[in-house]
Amino acid sequence: MKNVFRAQDLTRLIERYMEEAGVRKVYEAFLLAAEAHDGVFRKDGVTPYITHPLEVAHILADLHLDADTICAALLHDVLEDTPYQRDELVVHFGEAVADMVEGVTKLEKDEVLTTKQAVTIASFRKMMQAMTEDFRVVLIKLADRLHNMRTLGNMKADARRRIAEETFATYVPLARRMGMNDIRRQLQSLAFQNLYHWRSQILQHALDVYLTTHEEKHERIVQKVTDVLSAAMPGTSVFPWDKNLFRIYEQCKREGTNFRQQCDLLEIRILVRERNECYQALGVIHELYRPRMGMFNDFIATPKGGYGFQALQTVVMASGQQSVRFQIQTREMYQTAQYGIAAQWRYPDMRTTRKAEYTQAVLGRWLVHVKELDYQAGNPDEFYEDMQADLFQTEIYAYTPAGDVKEFPKGATLVDFAYAVHTQVGHHCIGAKVDGVERPLRTRIPHNMAVIEIITDKHASPQPSWLNFVVTGRAKSCIRNWLRQQTAGEQLVLGRDRLVSALQSRGSQLDALDPAHLEASLKALGYADQDALFMAVGRGDECSRLLSERLLGNMPAAETRQDAPLLIKGTTGLAVKFATCCLPLPPENILAHQHRTRGLEIHRADCPHIARIETSDDVFAVAWAQEMLGQKFSAGVVVDVRDVKGMLRQITQCLENMDVNIIDLNITGEGQVKQDTLIIQVNDLGHLQEVMRQLKHIPNVLNVSRLTKKDSHDPNNHFHD
């Protein structure tokens with residue numbers, strides 16, 4: 001086995017920066033790992049398995065990480081693949097090492113985690129939970145994934161693709177979020193090679209040919225810049241930057257440009273000693289070459305990204321029509337950009353500067369945010385989805401009125417901005433001003449570093465529809481958590497009302513139940529208290545009719561017995577909704593259907609959907625409550641009109657004169673006849689009929705009918721009353 005990294009290589013490496021006691025501890029961890037994995041080989045059947053934890057430790061030792069982290073790297077597969085238990089690791093290496101090893105140990109399939117995908121998602125959540133206690137867990141996992149990607153050639157083709165996709169989806173964004181761009185670039189390159197093998201080979205060959213062809217021209221530019229800057233500022237470093245093949249590939253796809261256009265931009269890094277020298281170097285470059293307008297960014301004055309990436313970036317036109325992008329940084333800025341939170345170990349001098357404090361503060365804020373996402377997530381799938389959204393690549397920046405910079409992924413909306421400011425600002429937002437101009441909440445954040453002011457109302461609350469357009473993990477998590485809390489409260493009230501209604505139809509009351517029998521029934525059914533029972537009824541997990549008989553100590557109810565109607569008011573909530581398939585209005589006869597995921601749906605009694613399930617125990621009687629003055633209900637109308645100019649204006653004017661609000665509008669049809677489908681708000685059935693009569697009086701209106709859907713799965717399929 002050639003070029004194998006061995007234990008003595010690791011020892012020599014860590015001896016350069018680690019105390020003798022730490023070196024001994026690491027060597028003891030190696031001995032235990034070697035014994036635990038003795039006789040085990042990697043997928044090629046030739047390489048001893050111990051080479052993998054050694055390489056993971058090697059990657060982290062290159063970053064000069066501490067003894068506990070290197071020990072955990074050597075032992076990271078011991079709990080997962082060998083008989084060793086956590087307690088044994090605690091005895092030999094301490095709680096911190098054992099916790100890190102446990103944090104990166106994957107879960108296994110069981111009765112709950114029945115698929116590989118479920119295991120992967122649950123393991124990811126477990127790892128992130130461990131990271132909030134000790135962020136070094138993620139550093140070990142990134143190093144583990146990096147070495148696995150380097151040796152992925154031993155896997156089957158489908159496994160290589162799956163692991164490469166997972167790397168792109170999770171570990172590349174995670175490395176970026178930790179500010180570890182050196183590892184991020186390596187992971188991107190390896191994942192690209194394994195996911196798109198032929199494409200990467202062809203593009204790499206094309207890039208090599210291009211670079212060889214233009215090598216002399218590029219060297220002349222680098223040398224010229226080096227000579228000029230060295231004369232002006234001794235100690236300056238100038239070097240070309242290797243192109244990221246995957247980034248070129250993505251930009252070609254996204255921007256519709258060809259490969260040659262992406263290659264034509266030469267990238268050069270300039271490293272100086274002090275911050276003020278960055279601006280001095282910029283002046284030298286702009287005197288040397290003509291800058292391209294609109295291609296300059298000052299990320300020193302306004303740091304970019306989670307770990308405060310700082311640089312001056314400018315694009316100039318050099319000789320021979322060669323475009324060159326210069327990135328100018330101090331060495332400290334460069335180190336932070338490449339290694340993120342790990343830079344303070346690799347470069348100990350950073351610990352004496354405020355930069356190390358800054359990266360620690362950024363990490364602390366992110367860990368608090370991850371804890372919040374974990375707390376608010378209802379299950380591992382929700383947490384994984386929110387984290388995927390949270391690990392975005394920053395593409396948009398915007399200011400608060402106070403001048404604070406907020407960063408977002410492409411496509412983020414003003415609701416995302418509101419939640420980025422504060423959870424309560426998001427919960428109560430009703431609008432926003434972008435550079436002083438009012439905009440709807442679903443408006444996307446512009447790319448022009450706009451100043452955004454969120455307008456709030458203490459009586460406003462999140463809308464379920466916001467989940468259809470927000471993109472950040474924070475916004476999704478906060479909205480879902482608020483909806484879950486409100487839904488739970490409404491389900492409790494609904495369940496209590498349903499059970500009370502069922503008991504009343506049997507001549508009893510909730511307060512009249514025998515306390516001892518009620519307590520025994522709760523215990524037998526597995527509910528901690530009455531509220532838990534009400535929640536189960538509200539969710540539809542328990543049938544109120546059968547439950548009432550059980551609580552009364554009776555036999556199941558007779559066929560002819562019916563629940564007393566549950567009274568429905570005009571307002572709907574998260575647990576009780578008016579079905580969009582028929583949009584019932586008072587005083588129409590209505591029925592209720594307990595849907596397992598959508599809550600209690602109120603239908604018209606003649607709705608075709610309710611007819612299909614009318615024998616189910618989940619359908620029961622409801623009635624309109626009397627006290628509904630001032631309530632508004634949604635109703636749909638279809639207006640068939642001749643395709644004449646100004647028809648829509650006449651229809652909307654008619655509705656405005658009647659003080660009727662339009663909440664949705666859709667126009668369909670071909671030829672000379674169009675169908676204007678409107679969802680409007682009315683008081684009751686009589687009000688709707690009056691609205692329809694007035695619409696029929698408009699010239700060129702051919703017909704007005706009430707809208708209902710034939711099939712809730714087909715939004716364009718309707719029948720007209």
Side-chain angles (χ1 to χ4, degrees), residues 375-379 382 461-462 464 479-558 561-579 584 590-603 610 613-614 616-628 631:
Y375 174 75
Q376 295 183 158
N379 52 60
E382 279 190 9
S461 58
I479 294 168
R480 262 203 301 258
N481 188 54
W482 187 90
L483 293 174
R484 188 180 293 115
Q485 290 176 355
Q486 303 309 306
T487 302
E490 291 186 11
Q491 284 177 336
L492 190 149
V493 174
L494 171 63
R496 188 181 191 285
D497 289 347
R498 286 190 60 185
L499 185 56
V500 167
S501 176
L503 289 169
Q504 287 176 343
S505 68
R506 288 147 180 80
S508 184
Q509 298 287 337
L510 189 60
D511 295 340
L513 294 176
D514 176 40
H517 181 66
L518 176 59
E519 185 68 26
S521 297
L522 289 173
K523 186 175 181 180
L525 292 168
Y527 297 112
D529 51 31
Q530 291 187 42
D531 284 352
L533 181 64
F534 297 151
M535 286 282 292
V537 176
R539 287 194 306 266
D541 295 339
E542 296 283 354
C543 174
S544 59
R545 298 168 185 162
L546 297 177
L547 185 59
S548 64
E549 293 293 338
R550 177 166 191 159
L551 295 177
L552 291 170
N554 300 336
M555 296 297 291
R561 251 180 177 174
Q562 297 293 329
D563 284 351
L566 187 68
L567 297 182
I568 301 297
K569 297 184 179 180
T571 54
T572 58
L574 301 168
V576 182
K577 304 179 180 70
F578 293 130
I590 51 177
L591 291 172
H593 171 224
Q594 180 70 56
H595 195 281
R596 297 290 174 178
T597 59
R598 293 197 292 268
L600 193 66
E601 292 184 333
I602 309 302
H603 293 257
I610 209 76
I613 52 176
E614 61 184 358
S616 169
D617 285 337
D618 290 335
V619 177
F620 55 92
V622 288
W624 299 103
Q626 295 298 315
E627 62 279 9
M628 292 194 300
Q631 298 288 348

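Quick caveat: nothing in here was measured; it's all calculated off a predicted structure.
Within the 3.5 Å criterion, the main-chain N or O of Asp497 finds no donor-acceptor partner in the side chain of Ser501.
With sequence neighbours excluded, no residue satisfies side chain to side chain donor-acceptor pair (under 3.5 Å) with Gln530. Every residue two or more places apart in sequence or in another chain was checked for a salt bridge (charged side-chain N to carboxylate O under 4.0 Å, His left out) with Arg496, and none qualifies.
The two residues Leu533 and Leu499 make their nearest non-hydrogen contact at CD2-CD2, 4.4 Å. Residue Pro584 comes nearest to Ala579 through the heavy atom pair CD-O, 3.9 Å, listed as atom of the first residue, atom of the second, then distance.
Put simply, the side chain of Leu591 does not reach to within 4.5 Å of the side chain of Ile602, judged on heavy atoms. Looking at heavy atoms from C-beta onward, Phe534 lies in side-chain contact with Leu510 at the 4.5 angstrom threshold.
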task = Determine, stepwise, if the pair Glu382 / Arg480 fulfils side-chain contact (heavy atoms from CB on, under 4.5 Å).
result = CA-CA 9 Å; Glu382 279 190 9; Arg480 262 203 301 258; 3.4 Å; yes
